[in-house]
Amino acid sequence: QVQLVESGGGLVQAGGSLRLSCAASGRRFSNYAMGWFRQAPGKEREFVATINWRRSSTYYADSVKGRFTISRDNAKNTVYLQMDSLKPEDTAVYYCAAARTGDIGVRTAAYNYWGQGTQVTVSS
């Protein structure tokens, strides 16, 4: 069982930066692939970024490529999402997720555990 708790969300102006953190409990955190998803009001949850358990592979949605960076610290059981050059369309609740497979994935169905989400609001 893995429990995930996101933090770091908030209100920021367009062009600004935020760093989201996701703290995981559980002894097998280093074996899980981790992902970030987001959901805007009235829209489906969408993939943002993912990193495998070895930290050797990452993958990003086209909409955030070059602006967002996912990373993880297995010693701290934490995954991060550095978000730069934020745009109003990045406004959403951001969710952290863990996948037992250990491999990167873009579908919500690939992930077994989810956090409660953190709100990110980008003003124009």
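What you see is a predicted model, and the numbers here were worked out from it, not measured in a lab. Numbers here are sequence positions counted from 1.
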Self-check item: 4.5 Å side-chain heavy-atom contact, Y60 and R67
Solution: no

Quiz item: Atom OG of S30 and atom CG of N77: how far apart are they, to the nearest 0.5 Å?
Solution: 7.5 Å

Quiz item: Roughly how far apart are D103 CG and T50 OG1, rounded to 0.5 Å?
Solution: 9.0 Å

Exercise. State, yes or no, whether a side-chain contact exists between T91 and Q119 at a heavy-atom distance under 4.5 Å.
Key: yes

Quiz prompt | Listed once per pair and sorted, the salt bridge (charged side-chain N to carboxylate O under 4.0 Å, His left out) pairs that draw on residues 31-52, sequence neighbours left out | solution = R38-E46, R38-D90

Quiz item: Same hydrophobic cluster for V120 and Y95, using side-chain heavy-atom links shorter than 4.5 Å among ILVMFWY?
Solution: no

Quiz item: Just how far is it from atom CH2 of W36 to atom CZ of F68, taken to the nearest 0.5 Å?
Solution: 11.0 Å

Quiz item: At what distance, to the nearest 0.5 angstrom, does CZ of R100 lie from CG of N31?
Solution: 12.0 Å

Practice problem: Identify the heavy atoms of S57 and I104 that sit nearest to each other, and give their distance. | Solution: O-CG2, 3.8 Å

Quiz item: Distance from M34 atom CE to S71 atom OG, nearest 0.5 Å?
Solution: 11.5 Å

Quiz item: Do you know which of I70, V48, T69, D84 makes side chain to side chain contact (heavy atoms under 4.5 Å, CB included) with V64?
Solution: V48

Quiz item: Sequence neighbours excluded, which residues qualify as ring pair (Phe, Tyr, Trp, His ring centres under 6.0 Å) partners of F37?
Solution: F47, Y111, W114

Quiz item: Under 4.5 Å between any side-chain heavy atoms of L20 and M83, yes or no?
Solution: yes

Quiz item: Considering all heavy atoms of both residues, which atom of W53 and which atom of N74 are nearest to each other, and what is their separation?
Solution: O-ND2, 3.5 Å

Practice problem: Flag yes if more than 12 heavy atoms outside Q3 fall under 6.0 Å of its CD atom; otherwise flag no. | Solution: no

Exercise. Treat each ILVMFWY residue as a node, draw an edge where side-chain heavy atoms are under 4.5 Å apart, and state whether V12 and L81 are in one component.
Key: yes

Quiz item: Do any N or O atoms from the side chain of T78 and from the backbone of K76 form a donor-acceptor pair under 3.5 angstrom?
Solution: yes

Self-check item: Any donor-acceptor pair under 3.5 Å from E6 side chain to G117 backbone
Solution: yes

Quiz item: Are there more than 12 heavy atoms of other residues, nucleotides or ligands under 6.0 Å from atom OH of Y113?
Solution: yes

Quiz item: Which pair of non-hydrogen atoms, one from V2 and one from A24, has the smallest distance, and what is that distance?
Solution: CG1-CB, 4.2 Å

Exercise. Of all the heavy-atom pairs spanning G8 and L18, show the shortest one and how long it is.
Key: O-CD2, 3.8 Å

Self-check item: Taking every non-hydrogen atom, the tightest pair across S124 and P88
Solution: CB-CG, 3.9 Å

Quiz item: Roughly how far, to the nearest 0.5 Å, is the OG atom of S7 from the CZ atom of R19?
Solution: 9.5 Å

Practice problem: Heavy atoms only: give me the nearest D73-F29 pair and the separation to one decimal. | Solution: O-CE2, 4.1 Å

